[in-house]
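Notes for the one structure printed next.
Note on naming: letters A, B, ... go to the chains in the order of the sequence lines (proteins, then strands), and numbering restarts at 1 for each one.
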Number of protein chains: 4
Amino acid sequence: MTALRVAVLGAKGRMGSEACRAVAAAEDMELVAALGRGDDLGALSEAGAEVVVDLTRPDAVMENLRYAVTHGMHAVVGTTGFTPERLRTVRDWLADAPSTGVLIAPNFGLGAVLTMKFGQIAARFFESVEIVELHHPDKLDAPSGTAVRTAQLIAEARRAAGLPPAPDATASALPGARGADVEGVPVHAVRLRGLVAHEEVLFGGTGEMLTIRHDSFDRVSFMPGVLLGIRRVAGHPGLTVGLEHFLDLD
Amino acid sequence: MTALRVAVLGAKGRMGSEACRAVAAAEDMELVAALGRGDDLGALSEAGAEVVVDLTRPDAVMENLRYAVTHGMHAVVGTTGFTPERLRTVRDWLADAPSTGVLIAPNFGLGAVLTMKFGQIAARFFESVEIVELHHPDKLDAPSGTAVRTAQLIAEARRAAGLPPAPDATASALPGARGADVEGVPVHAVRLRGLVAHEEVLFGGTGEMLTIRHDSFDRVSFMPGVLLGIRRVAGHPGLTVGLEHFLDLD
Amino acid sequence: MTALRVAVLGAKGRMGSEACRAVAAAEDMELVAALGRGDDLGALSEAGAEVVVDLTRPDAVMENLRYAVTHGMHAVVGTTGFTPERLRTVRDWLADAPSTGVLIAPNFGLGAVLTMKFGQIAARFFESVEIVELHHPDKLDAPSGTAVRTAQLIAEARRAAGLPPAPDATASALPGARGADVEGVPVHAVRLRGLVAHEEVLFGGTGEMLTIRHDSFDRVSFMPGVLLGIRRVAGHPGLTVGLEHFLDLD
Amino acid sequence: MTALRVAVLGAKGRMGSEACRAVAAAEDMELVAALGRGDDLGALSEAGAEVVVDLTRPDAVMENLRYAVTHGMHAVVGTTGFTPERLRTVRDWLADAPSTGVLIAPNFGLGAVLTMKFGQIAARFFESVEIVELHHPDKLDAPSGTAVRTAQLIAEARRAAGLPPAPDATASALPGARGADVEGVPVHAVRLRGLVAHEEVLFGGTGEMLTIRHDSFDRVSFMPGVLLGIRRVAGHPGLTVGLEHFLDLD
């Protein structure tokens, strides 16, 4: 088997340096280039990169992506800031490169992606659902973006199934006790020193409860998802948004 | 909307009496017959039953099913003891009744069925997996049948994905510490006064953990699954084994 | 061993009837009287009751207690509505009966009492603490009284130890996301069909987390605490408020 | 307030270097010496150390301790290998230094120490108890030493309270399903990639469950316990074995 030739952009950042380590350690891959801010993209061509991993910043990612697509390289992108307009631009570039694949993923954690997916599937079978997310106390937003997104997907699945609102007889409550309301799904944000990133989706039905919990203990938890993206991107020409579409879940 | 005409067989048993209550309480159903051991099956025809729910015993279920199928009634069956030969016999009867549906389900708990399904889906994405099941101390077998079945399905999914055995450096262990080995998946059985029936499937990968937990607090937890089976059986002609096939999970 | 002679007041109520069953089943006790509303208290003396269990209502409990104390019977009380003035009155009665014991307990669940106690002990060792309580959706108040009480006890222990407020960098939050503020301890109330009564106290410190969780699956969970109170009340003359004082925890 | 003058021995090891960082960051302490293997202990006296933290190895710790005690320095010791004979020797040295304190602690994790303590307290109130410990798959022993120690303490408390064995009707079990038997307490060891060190003590009684769970995510979780030991050792002259004795738990 010939090793897949992989380049990492943003190689000096926290995620990028982890990605370099993970690619270098993968038996079926070769790390052929590791570029930082300001390095010449021409090095990607010289290195013969087949897949480019972009873990840079919103102000750099579009130029990187254009270079990759116009030079026939697939791309796996964890950088944020993709507006609908930016996505349209990427699709336009790909129209001229029909065999090239680009994966843009807001979250490379397999556990997080599966939690959302399972939450969507289970949503229509239970009367009640709430989400508890738990993070370190230095986090600025509450609830986390992942928890809000999970709640929205579940709310959408409940609406599609014609479910009524979850039962709640609360008549007297302290402010905030019942959590934040995200499209009808209560979301509770816990902040504790020592934690990293954790999410629980709690479903309740007559006489039973189903819990889906994801614990992320370390940034390296994203690497299996990045490697999976690298391995599969060539098999998915065009633009894909969301790692879940590479997981053969449907 | 015309209410679905439902009959319950084994109506005096623990599950059967719960089913009578649940059917009677459902707005889209009418309980038209509730038969116990020795009652004449002719009552099913007189009552005009459209769906027959069988919660009887292995020595009664086959005769009940033959009556239902030959009289054009759909059947939802929670009774145990279905050998491959019995399943073949039911299929033979159904060959002559192409619009009739029979659902035979070893477990009507939606949470339990989803736990198995999610376990199968997640299996191929994680290096490690173990199962912890927890029950009341009057239970005779360990691990529970549900936990063993879940482990087998996960083991099958791992094999299909070509995963190696889960890592385990244990060099010195007390007997039993690492649980029972079910096709390579360790299964731990906890027995505590006060509990009912609980199962945790624990997946571990680099830097993260995914937990799927099902808590069954009460026998009534099976009723939403029974009602779902009653509502959907007419739309699934022929024999279906396993409630998961009615859940549109794929 | 002579069996302890126990009478139950409020014997037809939900808690009272459970208590009758529990006392009757205990090998070291004899149920000598089971009175309902309106029954003559003289029956307590006729039956030779040594310990009276009061599970009645606020409008009946004081008269019952006076009868018990003035007739030399110990009392174990689960009835609510004890104001400071009522407690003073009970103490006055007991001043004339120095060998008689009265236990008034707002909560007979051993698990709940231990959860509060452990919460108090652990409070001063951790930077962060939050409480998540989970109940069935027919509950009227949020958070539960037990969770509020637990939070107050923990807040008191933190103040006594001179701890600063728990760290929380939240700068942008949806309303309610961070829970209800009970004296600086965030409390989150989850409501799900199928649940009974559950409480988690979560402590976080550098690199670690300590969780104390209590699950109450059934009203019978209060009975071991009631029996313990009956067995020990004679050994604690005077008035005791709170089952924790009978548990030899200090 | 004058800062406490602290020296760390074994300063280049994993635990020792964390301890140096923690002491240096504590406002009420000053790190006055950080010695590695082979460094001259005379540096402790020159630096005017008041408390010596020993995180070295069994072959070095006794000489270090003798130096500290004979020079009037208190000591906080995390090094292992203390036999009864070694403890006797340390006590002999301390007999001549009545105002000097030595703390030897097998575990500086506050959460782990509290978990054991709470387990001991709760033991006598519940019919059933089991332990589940979860670790990374590179761990060599199963169950963990902490889980075995916790089980022993609980078994001792049950015996002291005269409790019968926990109920268990298991008649048919796969080998290992019911865990390892540690003095009558079943202990289950789970090994999953991605985990660090986690322990659950599960108590079950009629209708209820009490869970005490400790999650250790990082080696730094030991530092608050080390700092607490440093602050309190001067107030506990003589030899103390076990951090729990400094926590004012009784």
Side-chain angles (χ1 to χ4, degrees), chain A residues 125-145 147-148 151 165-183 185-196 198 200-211 215 217, chain C residues 125-145 147-148 151 165-183 185-196 198 200-211 215 217:
Chain A
F125 299 114
F126 292 92
E127 263 186 271
S128 302
V129 60
E130 305 207 4
I131 293 174
V132 180
E133 57 91 333
L134 310 93
H135 284 82
H136 59 83
D138 302 322
K139 187 168 177 61
L140 298 177
D141 53 328
S144 70
V148 170
D168 182 0
T170 308
S172 152
L174 292 182
R178 294 287 291 113
D181 182 322
V182 177
E183 301 183 21
V185 178
V187 182
H188 309 267
V190 174
R191 296 293 172 263
L192 295 171
R193 177 69 71 215
L195 296 194
V196 185
H198 316 259
E200 279 186 343
V201 184
L202 307 167
F203 291 102
T206 307
E208 68 172 341
M209 184 178 181
L210 178 70
T211 303
D215 292 277
F217 300 120
Chain C
F125 299 113
F126 293 92
E127 264 186 88
S128 302
V129 60
E130 306 207 2
I131 293 175
V132 180
E133 56 91 333
L134 310 93
H135 283 82
H136 59 85
D138 302 322
K139 189 168 177 57
L140 298 178
D141 53 327
S144 69
V148 169
D168 182 0
T170 308
S172 150
L174 292 182
R178 293 287 291 113
D181 182 322
V182 177
E183 300 184 22
V185 178
V187 182
H188 309 266
V190 174
R191 296 292 172 264
L192 294 172
R193 178 69 71 214
L195 296 195
V196 186
H198 316 259
E200 280 185 343
V201 184
L202 308 167
F203 291 103
T206 307
E208 68 174 339
M209 184 177 181
L210 178 69
T211 303
D215 292 277
F217 301 120

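Only the backbone of C:V187 has a heavy atom closer than 4.5 Å to any heavy atom of chain A. There is no contact between A:V196 and chain C, counting heavy-atom distances below 4.5 Å. Proximity to chain A is limited to the side chain of C:L195, based on heavy atoms less than 4.5 angstrom apart.
Shortest non-hydrogen contact noted between A:T206 and C:R193 is N-CG, 3.7 Å.
Chosen from A:L140, A:D141, A:V182, A:V148, the residue pairing most often with chain C at heavy-atom distances under 4.5 Å is A:L140. The candidate with the highest count of non-hydrogen atom pairs below 4.5 Å against chain A, out of C:K139, C:E133, C:H135, C:R191, is C:R191. Ranked by heavy-atom pairs under 4.5 Å with chain A, the first of C:P186, C:A142, C:G194 is C:A142. With respect to chain A, the highest number of heavy-atom pairs below 4.5 Å among C:G207, C:P143, C:A166 belongs to C:P143.
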Scan the side chains in residues 168-179 of chain C for donor-acceptor partners under 3.5 Å anywhere in the protein, sequence neighbours excluded, and list what turns up.
from	atom 1	to	atom 2	distance (Å)
C:D168	OD1	C:T170	N	2.9
C:D168	OD1	C:T170	OG1	2.4
C:D168	OD2	C:R178	NE	3.1
C:D168	OD2	C:R178	NH2	3.0
C:R178	NH1	A:A189	O	2.9
C:R178	NH1	C:E130	OE1	3.2
C:R178	NH1	C:E130	OE2	3.0
C:R178	NH2	C:E130	OE2	3.0

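Partners of C:H136 according to the ring pair (Phe, Tyr, Trp, His ring centres under 6.0 Å) rule, which considers only residues two or more places apart in sequence or in another chain, do not exist here.
The side-chain heavy atoms of C:H188 and A:V132, taken from C-beta on, include no pair separated by under 4.5 Å.
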